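Have a look at the structure below before the remarks.
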Protein chains: 4
Amino acid sequence: KQKIWEIVFEAETPAGKFFDVALLWLIAVSVVVVMLESVETIQASHRSLFFTLEWVFTILFTAEYLVRLWLVRRKLRYALSFYGVVDLLSCLPTYLTLLFPGAGVQSLLVIRILRLLRMFRVLKMVSHVHGANLLGRSIYASRAKITVFLMAMAIFAAIVGTLAYILEKGQGGGIDSIPAGIYWAVVTMTTLGYGDITPVTTMGKFLTVFTSLSGFAVIAVPTGIFVSEVANAIEKEEEYTVACPGCGSSGHL
Amino acid sequence: KQKIWEIVFEAETPAGKFFDVALLWLIAVSVVVVMLESVETIQASHRSLFFTLEWVFTILFTAEYLVRLWLVRRKLRYALSFYGVVDLLSCLPTYLTLLFPGAGVQSLLVIRILRLLRMFRVLKMVSHVHGANLLGRSIYASRAKITVFLMAMAIFAAIVGTLAYILEKGQGGGIDSIPAGIYWAVVTMTTLGYGDITPVTTMGKFLTVFTSLSGFAVIAVPTGIFVSEVANAIEKEEEYTVACPGCGSSGHL
Amino acid sequence: KQKIWEIVFEAETPAGKFFDVALLWLIAVSVVVVMLESVETIQASHRSLFFTLEWVFTILFTAEYLVRLWLVRRKLRYALSFYGVVDLLSCLPTYLTLLFPGAGVQSLLVIRILRLLRMFRVLKMVSHVHGANLLGRSIYASRAKITVFLMAMAIFAAIVGTLAYILEKGQGGGIDSIPAGIYWAVVTMTTLGYGDITPVTTMGKFLTVFTSLSGFAVIAVPTGIFVSEVANAIEKEEEYTVACPGCGSSGHL
Amino acid sequence: KQKIWEIVFEAETPAGKFFDVALLWLIAVSVVVVMLESVETIQASHRSLFFTLEWVFTILFTAEYLVRLWLVRRKLRYALSFYGVVDLLSCLPTYLTLLFPGAGVQSLLVIRILRLLRMFRVLKMVSHVHGANLLGRSIYASRAKITVFLMAMAIFAAIVGTLAYILEKGQGGGIDSIPAGIYWAVVTMTTLGYGDITPVTTMGKFLTVFTSLSGFAVIAVPTGIFVSEVANAIEKEEEYTVACPGCGSSGHL
């Protein structure tokens with residue numbers, strides 16, 4: 001059992017590394033299949049191939065889930081942990097289509113895309129990605145400041161959007177309500193610029209110039225915050241790749 | 001009176017915290033109502049609901065305004081301070097519709113969106129947002145440099161826009177005056193890129209390539225300024241959440 | 001003569017400060033007039049007003065140019081310096097329309113927009129913008145690295161643009177030559193995204209995803225360069241606002 | 001032979017510098033010719049000129065390749081090195097059109113655009129670009145973190161794209177499969193914003209606001225990583241411009 005633990009949860013041994021890389025590929029291929037299934041022309045011509053592949057993936061992921069459940073000591077804690085839920089969601093939807101074969105459940109299948117989240121667990125363990133923890137910690141440390149920044153941006157967008165609504169209301173430019181104005185303000189401020197809603201009045205164009213220049217200058221703010229956090233984090237750079245024997249997740253040993 | 005002061009102006013006690021969070025929600029909901037009112041289809045079907053809600057909010061905000069006015073010692077100074085004016089503007093427009101029931105005043109109602117600004121006061125006090133002050137101080141410290149940068153950008157936009165006007169005048173690309181050229185230059189330089197005005201001549205496309213690459217490189221400038229200011233500000237990181245007993249605003253004690 | 005020198009070239013005395021601010025406003029208003037003249041509907045209805053204003057500005061700028069020429073010791077050096085040429089170009093075009101009243105010269109008038117460049121001289125002297133010199137020095141110090149970066153971007157754009165041309169040639173997406181491909185690549189890489197040329201094939205969309213993500217990550221490079229230069233420049237922060245008595249430009253005393 | 005080595009591979013002597021600058025221009029002109037050839041109207045009217053120029057370039061590049069091959073001691077190692085392959089690809093396609101005159105080979109000619117990559121070798125040697133090595137080393141040092149960041153972005157794009165597909169499926173906005181959703185998510189997240197696919201439902205617009213604000217905040221991450229790497233790299237700034245006598249590439253002496 002100790003040996004299987006090392007293969008499934010750790011990435012230090014050759015076998016453990018092989019398991020992780022194989023799992024990474026399996027997840028990648030299964031997600032590509034989910035994506036291709038959603039393209040109607042491809043789905044129509046390869047229906048049976050997709051059906052077979054899907055069941056192969058589901059059985060493999062179910063086996064992996066059961067092995068993980070058998071290995072960890074605190075089974076409930078694993079089952080309710082973030083990765084435990086994601087592991088379950090990776091295989092459950094396919095079984096549900098057996099029980100309820102209606103079309104509504106069919107659309108449940110897209111939640112299989114959440115298998116992608118399992119990649120993060122594997123990434124955390126494969127030792128050649130040294131930067132992931134550092135990034136994670138920096139983002140975590142700057143969360144309060146980034147939240148304040150995003151709230152200030154949201155309030156700024158609401159006020160600019162209202163101004164745009166006052167200036168452009170009924171001019172045919174598409175800004176006919178405050179929510180539409182806010183949508184336009186965010187699209188402009190972040191320099192996204194779809195062009196589906198553009199100002200038509202002269203004052204509206206002035207507002208565009210002001211808003212996009214603000215967005216251009218304001219992008220400095222999250223960067224400034226994050227740069228100082230990364231500088232802090234680099235000083236205490238340590239890597240934790242050993243998984244906790246209790247619940248199977250790494251980082252808190 | 002001291003106790004009410006602590007509830008309304010401070011965020012240290014449980015009651016003060018509860019008051020702040022309740023106020024935050026009240027502002028958020030009232031702003032959402034203002035936004036939804038501006039969508040014509042929703043406004044037509046829920047007219048009386050919006051009418052009732054609006055008066056509930058207005059009465060609550062009026063009560064809060066009067067309590068704040070009663071609490072502070074220097075009443076005029078509060079009434080003329082930034083937040084005093086915003087507090088007044090939060091409830092005044094609704095009363096104006098009673099006095100002058102014409103349609104013109106109706107459009108005054110959108111200034112109720114400025115209630116959003118009151119969120120900043122609450123945010124400043126709720127103690128779990130440590131970063132707001134730091135951000136504010138960094139932006140304040142870098143204001144001169146950012147202004148110079150924005151002015152240089154504006155002059156650059158004016159020259160590029162004039163060049164675009166010379167190259168594209170009468171070519172059907174939409175750049176038929178210098179102001180239109182400047183609007184195009186800002187949209188391109190900030191990498192906003194609506195696509196409502198695009199160059200059609202070969203030289204105009206060269207100018208686009210040059211302008212957007214400049215914008216791409218130039219975004220480094222505000223970031224560089226701000227990063228060094230944040231680094232400075234972090235060193236002297238202190239939080240002021242106690243409100244001044246004189247005028248009720250925090251930060252200058 | 002010393003007194004006039006202090007008014008025209010320096011910004012330390014009240015009179016000098018007043019002269020600078022007045023000049024700043026004069027330039028701003030004259031540039032706005034040039035811009036409005038280019039809008040056909042406005043030009044048609046205010047022809048004589050614009051004509052009068054233009055001659056007022058031209059005579060004032062000519063007087064200023066002659067005074068500066070009279071004040072400096074090395075007259076030729078001033079006349080051939082950057083600001084000397086800009087000062088001359090500010091008034092020359094209007095006189096040319098007298099000598100050659102043809103329509104071709106009329107379009108020469110747009111070079112009056114270069115009057116904007118004269119704002120930088122004034123800005124340099126008005127003492128409340130402390131950041132301009134710092135910015136200028138940081139940009140100057142990072143010019144070699146930024147040039148290498150822009151060249152690498154250009155080579156990257158050329159290769160991605162060629163790839164796009166191979167993938168999209170004759171598909172109706174608008175990428176029908178390598179130059180068009182490069183234009184598309186730059187528009188995508190800088191996240192400008194006009195939408196006038198978009199990929200239509202699946203491979204082209206993959207290339208878009210790859211190119212825009214690259215641009216997103218690569219924007220870090222100029223920022224990284226510039227941030228370290230600003231940090232360097234802040235250490236040796238000094239301001240030079242005294243103009244050289246020889247040629248009238250500040251910064252090299 | 002030692003003298004020719006210094007001219008071809010080094011940039012210290014005047015002759016070596018002249019050779020590098022001449023080569024830089026030759027590459028630039030030959031690439032412009034390849035680009036113009038791809039524009040059908042220009043190609044039709046200048047066919048024989050392009051033909052002659054192409055053979056002149058090809059013979060010069062072949063001569064250079066043979067000289068380099070003759071100069072280096074370990075010929076196979078050079079031939080298989082990155083620059084050896086690029087040097088070969090610079091002249092090979094033109095010869096192939098002689099052997100196989102079919103139209104299919106004609107399209108092979110675009111790989112001559114890879115001549116651009118040879119510019120990097122020359123740049124590395126011309127001593128006035130001090131920043132190139134520093135940039136290269138910083139990018140190399142941050143490659144692991146940037147890779148993790150791009151992978152996290154890709155997973156985020158996949159999940160947001162799937163969500164967009166669920167919300168917008170069959171609404172006429174163009175997001176009718178998960179791959180289309182991911183394409184939209186990347187275009188939105190990087191603030192590219194072509195506008196060829198835009199959300200039409202209210203929930204889809206909410207998702208746009210959320211995604212573009214995320215992209216706006218997240219751009220801080222690669223910048224933060226890179227800034228700290230540049231700061232590290234500046235400390236150990238040294239330049240290597242001497243080419244290895246074994247294989248002719250610089251940087252590993």
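Reminder, nothing fancy here: chain letters follow the sequence lines and each chain counts from 1. From a predicted model like this one, the values you see are computed outputs, not experimental measurements. These values consider heavy atoms only, across backbone and side chains, with no hydrogens, waters or symmetry-generated copies.
Both the backbone and the side chain of A/Leu213 come within less than 4.5 Å of a heavy atom of chain B. Heavy atoms closer than 4.5 Å to chain A are found in the side chain of B/Met153, but not in its backbone. If you measure heavy-atom distances from B/Val34 to chain A, the contacts under 4.5 Å come from both the backbone and the side chain. A/Phe149 touches chain B through backbone and side chain together, each having a heavy atom under 4.5 Å away. Contact annotation for A/Ile182: only side-chain heavy atoms (C-beta onward) come within less than 4.5 Å of a heavy atom of chain B. Interface remark: A/Val227 contributes side-chain atoms only to the contact with chain B (heavy atom separation under 4.5 Å).
The side chain to side chain donor-acceptor pair (under 3.5 Å) check on B/Thr188 picks up B/Trp184, C/Tyr194, with sequence neighbours excluded. Remark: A/Asp196 engages A/Tyr183 in a side chain to side chain donor-acceptor pair (under 3.5 Å) (not counting sequence neighbours).
Atoms OG1 and CZ, from A/Thr162 and B/Arg112 in turn, are 10.5 Å apart once rounded to the nearest 0.5 Å. Between the CZ atom in B/Phe226 and the CD1 atom in A/Ile225 there is a gap of 6.0 Å [rounded to 0.5 Å]. Here the straight-line distance linking atom CZ of A/Phe216 with atom CG of B/Leu150 works out to 9.5 Å at 0.5 Å rounding. Rounding to the nearest 0.5 Å gives a distance of 9.0 Å between CD1 of B/Ile113 and CD1 of A/Ile166. For the atom pair A/Ile155 CD1 and B/Ile27 CD1, the distance stands at 8.5 Å (nearest 0.5 Å). One finds the CG atom of A/Leu192 at 10.0 Å from the OG1 atom of B/Thr191 (value rounded to the nearest 0.5 Å).
Among the candidates A/Ile146, A/Ile219, A/Thr208, the residue making the largest number of heavy-atom pairs closer than 4.5 Å to chain B is A/Thr208. Annotation: maximal heavy-atom pairing with chain B below 4.5 Å, among A/Thr223, A/Val209, A/Val187, occurs at A/Val209.
Heavy-atom minimum distance, B/Ser38 versus A/Pro179: OG-CD, 3.5 Å. The nearest pair of heavy atoms linking B/Leu117 to A/Ile159 is CD2-CD1, 3.7 Å.
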